[in-house]
Amino acid sequence: MAKSKNYWLMKSEPDVFSIHDLAKSKSKTTFWDGVRNYQARNYMRDEMKKGDLVLFYHSNANPPGVAGTAVVCKESYPDFSAFDQNSKYFDAKSKKDEPRWFMVDIKLDKVFADVVTLPEIKEVASLKEMVLLNNSRLSVQPVRKKEFDTILKMAKQKS
DNA sequence: GCCAACGTTGGC
DNA sequence: GCCAACGTTGGC
């Protein structure tokens, strides 16, 4: 029996790290450092599995929206930026022998020809229950398969 | 740049 | 354990 995949949405500010930065990264892969929210951490640490699919969301962007997809290619391990005093993500409370923050690696899947924008997502009745629309501040969040597929379809229709 | 929503911190 | 104060996120 094939194991079932989980679906996620991860937010990044394109001024900091956009999907195009991911496309330019070595092996089109990056580590998702800097998450300092317990709920988001728990999803990454406990539930994200290799092969899970991710909607790559541009927050604080014009327009905000889903810019493409990625795949989880390495399961959770300590976020080493928390140990680095020179990092803006440094957290003295995260110890190497007892890390507080975790991250995963993701690899680019597709860059959408056009961003599926937040206003477009808001217009779709079947997407009304997305965490994105109901807990706008959570930067790593689960997405239902149906929602993931709907957004892929919207991206295709635009291209 | 504003500000609503919400998570975190810390005094008590 | 409550909750006020504060900081951050993120849409607009």
Side-chain angles (χ1 to χ4, degrees), chain A residues 6-25 30-48 52-70 72 76-106 108-144 146-155 157-159:
Chain A
N6 292 315
Y7 299 85
W8 306 96
L9 181 149
M10 296 170 93
K11 293 180 188 172
S12 185
E13 299 188 31
D15 290 348
V16 178
F17 190 86
S18 74
I19 198 160
H20 307 292
D21 294 319
L22 179 59
K24 282 182 278 183
S25 299
T30 192
F31 45 84
W32 205 259
D33 62 335
V35 170
R36 297 291 179 268
N37 169 284
Y38 290 103
Q39 212 181 340
R41 177 206 68 183
N42 291 348
Y43 284 130
M44 286 200 294
R45 188 188 60 184
D46 305 334
E47 297 190 38
M48 277 197 181
D52 284 359
L53 293 170
V54 175
L55 297 173
F56 194 113
Y57 182 88
H58 282 169
S59 62
N60 259 312
N62 191 12
V66 178
T69 58
V72 176
S76 71
Y77 58 106
D79 179 344
F80 48 75
S81 68
F83 309 137
D84 177 2
Q85 294 212 31
N86 298 316
S87 169
K88 65 172 177 169
Y89 300 129
F90 175 68
D91 182 356
K93 291 175 188 156
S94 187
K95 306 283 169 48
K96 280 186 182 170
D97 56 353
E98 201 187 336
R100 175 174 293 200
W101 304 114
F102 290 79
M103 60 188 178
V104 298
D105 287 1
I106 66 168
L108 181 68
D109 180 23
K110 292 193 184 69
V111 180
F112 292 164
D114 282 299
V115 171
V116 176
T117 69
L118 182 61
E120 288 164 354
I121 291 169
K122 283 180 176 168
E123 283 174 18
V124 179
S126 64
L127 297 179
K128 284 245 175 346
E129 287 179 24
M130 280 189 78
V131 178
L132 181 69
L133 305 182
N134 297 294
N135 185 358
S136 63
R137 300 176 27 124
L138 188 58
S139 65
V140 175
Q141 52 183 260
V143 173
R144 295 167 191 84
K146 194 184 72 174
E147 295 164 346
F148 187 93
D149 291 342
T150 299
I151 286 177
L152 275 197
K153 206 166 97 188
M154 290 164 74
Q157 282 167 357
K158 296 185 80 167
S159 62

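Sequence lines set the chain letters: A, B, ... in the order given, protein chains first and strands last, and positions in each chain run from 1.
- Between Ile106(A) atom CD1 and Leu53(A) atom CG the span is 11.0 Å, to the nearest 0.5 Å.
- Between Asn62(A) atom CG and dC12(C) atom P the separation is 10 Å, expressed in whole Å.
- Residues meeting the salt bridge (charged side-chain N to carboxylate O under 4.0 Å, His left out) test with Arg100(A), sequence neighbours left out: none.
- The nearest whole Å value for the distance from the CG atom in Asn135(A) to the C1' atom in dC6(B) is 8 Å.
- Between the side chains of Asp105(A) and Tyr77(A), a donor-acceptor pair is found at a separation under 3.5 Å.
- Within a heavy-atom distance below 4.0 Å of DNA chain C, no residue of residues 12-22 of chain A is found.
- Ring orientation note: the planes of Trp101(A) and Tyr38(A) are tilted relative to one another, at an angle of 30° to 60°.
- With sequence neighbours excluded, the residues that form a salt bridge (charged side-chain N to carboxylate O under 4.0 Å, His left out) with Asp149(A) are Lys145(A).
- Looking at which nucleotide of DNA chain B each of Asn60(A) and Asn134(A) is closest to, the 5′-most match is held by Asn60(A).
- For the pair Lys11(A) NZ and dC6(B) C1', the computed distance is 12 Å after rounding to whole Å.
- When rounded to the nearest whole Å, the span between CD of Glu120(A) and C1' of dG11(C) equals 16 Å.
- Not a single salt bridge (charged side-chain N to carboxylate O under 4.0 Å, His left out) links Arg137(A) to another residue, sequence neighbours left out.
- Checking Arg36(A) against Ser81(A) by side-chain atom types alone, a donor-acceptor pair falls below 3.5 Å.
- Here dG11(C) presents its P atom at 13 Å from CG of Leu138(A), a figure rounded to the nearest Å.
- As a whole-Å value, the separation of Asp91(A) CG from dG7(C) P is 17 Å.
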Distances under 3.5 Å between nitrogen or oxygen atoms of protein and nucleotides 8-10 of chain B:
none

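- In this view, Asn6(A) satisfies the side chain to side chain donor-acceptor pair (under 3.5 Å) rule with no residue, not counting sequence neighbours.
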